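Please read all numbers here as calculations on a predicted model, not as lab measurements. In the text below, chain A, chain B and the rest are named by the order of the sequence lines, each starting its count at 1.
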Amino acid sequence: MDASTIVCKCEEINIAEIELAIKSGANTFDDIKRLTRCGMGPCQAKICTNLVRQIISESLEVPLSEIRPPRLRMPLKPTRISALVGNEVSSSVISVFSESAPQEDDENHG
Amino acid sequence: METDLLIIGGGPAGLHAAYVAASNGIKTIVVDESFSLGGQLRQQTQRLTNLPKQFDSQIGITLMQTLVERLTDLDVTILSKHTMIGTYKDGRIGVSNGQRTIPISAEKVIVTTGAAEEAFVFPGWTLPGVMTIGAAQIVMNREHVIPGKNAIIIGSNDFALEVGKQLIENGVSLQGVIENEDQLIGCKEETIQFLKEAGVPIYQNSYVTQASGAGEVEKVIINHNGSEKEMEIDLVCIGKGLTPILEPFEILSCDFAYEKDLGGWLPQYSTLMETSTASIYVAGNAAGITNLGAILLTAEIAAISVAESLGRQCKEEATEKRELLWQELYHLESADSKAKFHGRIKLMREFQDNVDIQLSKLFNMSVGGV
């Protein structure tokens with residue numbers, strides 16, 4: 001197949017770029033991600049995960065069962081920063097990422 | 001918010017689990033990212049066979065209505081347009097409605113986030129006019145828009161062929177089913193017969209070399225048995241199957257396993273449908289790609305396990321119910337694919353350290369038949 005074919009639509013990464021990353025020593029999706037930004041766009045590898053796994057499998061002759069998906073992180077869906085901060089203006093930033101969490105009286109607004 | 005049970009995903013598995021749990025007096029919240037419940041049932045206009053005994057054979061849309069309406073008088077809170085986006089350090093689940101993030105504290109969680117369609121790469125696959133077969137069905141049956149005039153389908157599983165039939169019924173000219181293998185993947189005779197009578201060419205040993213066009217698909221070249229054929233096409237549907245959605249499980253620290261017959265990577269679980277993270281359960285296609293009957297049964301098993309662990313069902317009663325449900329699941333699933341049920345048993349045997357009576361019975365069933 002034409003090596004200029006796009007695999008990761010979000011970051012416009014093609015087959016040649018993924019194969020180059022593999023030639024440079026990448027053997028997991030996360031390696032390829034770090035080298036190329038493949039899978040780091042808005043969809044967060046929801047579409048390209050298995051496509052990239054397939055390329056790794058074929059290039060390195062490793063069965064698909066040994067190639068894990070990329071590390072998946074929060075937030076699970078694109079989320080506005082404003083939706084992550086607490087409701088009270090005075091509070092420090094409260095989010096799913098933070099050490100603290102909203103208190104009881106902050107919970108029943110929605 | 002606080003609840004006994006939080007269900008992530010309001011598709012068939014989530015709705016059925018909510019009904020079974022709430023019928024046992026469990027306070028339940030169902031979160032779904034869409035504005036309406038039902039998940040992928042919302043555009044299934046075909047008759048569903050292989051449903052569990054308690055359901056009459058019906059089309060997906062009416063089953064969705066049944067599953068939703070049953071919840072009316074029960075202690076079930078529906079949070080539609082709410083998406084699980086993560087977890088807090090204290091274990092609460094963060095759910096966002098787009099404006100704010102709401103922490104939900106739940107004793108138990110059942111994750112029923114279903115599956116995603118597999119993508120498929122060929123030069124030109126990013127052009128408008130190329131979509132998954134499920135997307136074509138949504139556009140057609142939910143939005144009432146015809147997705148194209150001259151279509152081809154890549155892949156030939158039963159779902160792809162069924163939607164191919166629906167495309168034809170809606171006036172689309174289906175100009176070919178392109179299958180890589182030397183035979184069709186799907187095996188529903190009725191659908192195959194329909195396509196044959198409609199004169200749809202089936203291209204086996206074939207693949208799409210490229211799709212091209214100015215700003216959208218206009219032309220597709222296929223390789224059929226080694227020779228190239230050019231076609232005027234404005235709709236390419238990719239029907240390459242489903243894979244379980246993994247994100248919520250990774251955030252909940254669940255361990256994964258690989259089972260090809262269940263759709264690839266998926267969370268490990270026990271015969272209780274509990275994952276490696278205590279109090280987190282899985283059901284539906286997220287627990288392995290399967291038919292609708294098995295989707296509903298895994299949901300019921302998970303809900304009964306939750307009821308047992310919350311003290312709403314005694315151990316004996318729960319064990320007996322689960323045994324019957326697993327037996328029914330075996331029959332419904334192996335009617336479609338024996339390999340799938342084998343895959344499930346293998347997954348559970350590798351996960352459960354102590355092989356319990358339930359699992360050994362299932363194992364015997366899967367190797368010996370009943």
B/I245, part contacting chain A, at a heavy-atom distance under 4.5 Å: neither
Heavy-atom proximity to chain B below 4.5 Å, by part of A/T79: side chain
Neighbourhood of chain B inside residues 45-52 of chain A, taking heavy atoms under 4.5 Å as contact: A/K46, A/I47, A/N50, A/L51
Side-chain (B/E247) to main-chain (A/L76) donor-acceptor, under 3.5 angstrom: no
Residue, of B/S105, B/G98, B/S96, B/P123, that accumulates the most heavy atom pairs under 4.5 Å with chain A: B/P123
Region of B/A119 that comes under 4.5 Å of a non-hydrogen atom in chain A: both
Toward chain A, the part of B/E33 with a non-hydrogen atom under 4.5 Å: side chain
A/R71 atom CZ, neighbour heavy-atom count above 12 within 6.0 Å: yes
Shortest non-hydrogen contact between A/L72 and B/E250, atoms and distance: N-OE2, 3.0 Å
Over 12 foreign heavy atoms within 6.0 Å of CD, A/E61: no
Just distance, no hydrogens or angles: give the donor-acceptor pairs under 3.5 Å from side chains in residues 252-267 of chain B, sequence neighbours left out.
unit_1: B/E259; atom_1: OE2; unit_2: B/K346; atom_2: NZ; d: 2.9
unit_1: B/W265; atom_1: NE1; unit_2: A/I67; atom_2: O; d: 2.9

Options A/Q54, A/Q44, A/R80, A/R68, ranked by heavy-atom pairs under 4.5 Å with chain B, top entry: A/R68
Residue selection (most heavy-atom pairs with chain B, distance under 4.5 Å) from A/K77, A/E66, A/R73: A/K77
Side-chain (A/T5) to main-chain (B/F122) donor-acceptor, under 3.5 angstrom: no
Part of B/F120 lying under 4.5 Å from any heavy atom of chain A: backbone
Heavy-atom closest contact (A/M74 atom, B/G86 atom, distance): SD-CA, 3.2 Å
Contact origin within A/R53 toward chain B - heavy atom pairs under 4.5 Å: side chain
Verdict with supporting geometry, A/I6 and B/V121, side-chain contact (heavy atoms from CB on, under 4.5 Å): CA-CA 8 Å; A/I6 298 282; B/V121 169; over 6 Å; no
